[in-house]
Structure formats: structure tokens, C-alpha cells
Amino acid sequence: MAADGAAHTERIHNVDQRAPIVEFSHPALPQGPLRFEQHGATSEDFVWGTSSVMWPVAQRMARHLCSRPELVRGRRVLELGAGIGLVGGVAAAMGAERVVITDCEVALPILDRNVARL
């Protein structure tokens, strides 16, 4: 709670929803932290009905892949409903042979920009 009694809502699912760039880090990532663009509900670029923010399940799966790189190393990976592309990005960083990430059409612009960041 803030000093005035109002609850802070900038962190949802332990991610700062107002931050235009979010970072995922894990000691196993060979090239260091990965950064992703996101559009929280307060962003003018937020698209309703899409996952334009980092979600906890994606963070958990990304941590799992970092802990078990043999699940993706040298393999082809397909991520459906990729949101901002965290899981696919981590799969690529952990040595996947090829990664295809996709989402609904209105979500593709942010996904394309995040793929370019990798």
C-alpha cells in the first residue's frame, strides 16, 4: 500500500506492467539476460485480447528450459501463443536448432520486434 492507502498496481504477476522493456536473466543463459518489449494495460500500444506482457507461466517455463537445456538444445521448437516471445527466445538462447514462435495477427508486431532483439 502506498502512503495514501492506494494499492500499487504497477506490478502484476511480479512483473512491472508499466515497464516498456522487461528482462529475463538466468545464470545458464550463455549471452546474458534477454530483453523484451511489452505493452501493459496502461500502454497506448496495449492490444486487448493478447498477451503483450510477460506472464508468470512463461517465466517459469523459461527458467525450466534454462535448468534443463537438453530439452531444446539441437531440437526444433514451436511456441504457439507466444505473447512477447520469452519461452521461444530462451529456447533459442539455450541452443535450439530452430525456433518458430507465433501468436494471433494483432500480436505479431511486438513479437517480430522481440525476435529482432535476440
Handout entry: Side-chain heavy-atom pair His39, Val53 within 4.5 angstrom cut-off
Key = no
Handout entry: Pairwise side-chain contact, Leu111 with Ile84, heavy-atom cut-off 4.5 Å (strictly under)
Key = no
Problem - Non-hydrogen atoms of Val72 and Ala91 that approach each other most closely - result: CG2-O, 3.9 Å
Problem - Any Ile101 side-chain heavy atom under 4.5 Å of Val77 side chain - result: no
Practice task
Assess whether atom CD of Glu70 is packed by more than 12 heavy atoms of other residues, nucleotides or ligands within 6.0 Å.
Solution key: yes
Exercise for the section: Kindly compute the distance separating CE (Met61) from CD (Glu79), expressed to the nearest 0.5 Å. Expected result: 8.5 Å
Problem - Glu97 bridged to Arg75 by N-O distance under 4.0 Å - result: no
Exercise for the section: Give a yes or no on whether Arg113 atom CZ has more than 12 heavy-atom contacts from other residues, nucleotides or ligands under 6.0 Å away. Expected result: yes
Handout entry: Straight-line distance of Leu108 CG to Thr102 OG1, nearest 0.5 Å
Key = 5.5 Å
Problem - Student check: side-chain heavy atoms of Leu118 and Asn114 closer than 4.5 Å - result: no
Fill in the blank from the handout: For Ile110 and Ser52 the tightest heavy-atom approach is CD1-O, 4.2 Å
Practice task
Verify the cluster assignment for Val90 and Leu71: are they in a single hydrophobic cluster under the rule of side-chain heavy atoms below 4.5 Å apart?
Solution key: yes
Practice task
Using a 4.5 Å cut-off on heavy atoms from C-beta on, say whether the side chain of Val87 contacts that of Leu65.
Solution key: yes
Practice task
Kindly say whether Met54 contributes a backbone atom to a donor-acceptor pair with the side chain of Gln38 at under 3.5 angstrom?
Solution key: yes
Problem - Arg117, CZ atom: more than 12 neighbouring heavy atoms under 6.0 Å - result: yes
Fill in the blank from the handout: Looking only at heavy atoms, the pair that brings Phe24 and Cys66 closest together is CE2-SG, 3.9 Å
Problem - Side chain proximity check, His64 to Arg68, heavy atoms < 4.5 angstrom - result: yes
Practice task
Identify the two heavy atoms, one from Ile21 and one from Arg35, that lie closest to each other, and give their separation to 0.1 Å.
Solution key: CG2-CB, 3.9 Å
Problem - 4.5 Å side-chain heavy-atom contact, Met94 and Leu29 - result: yes
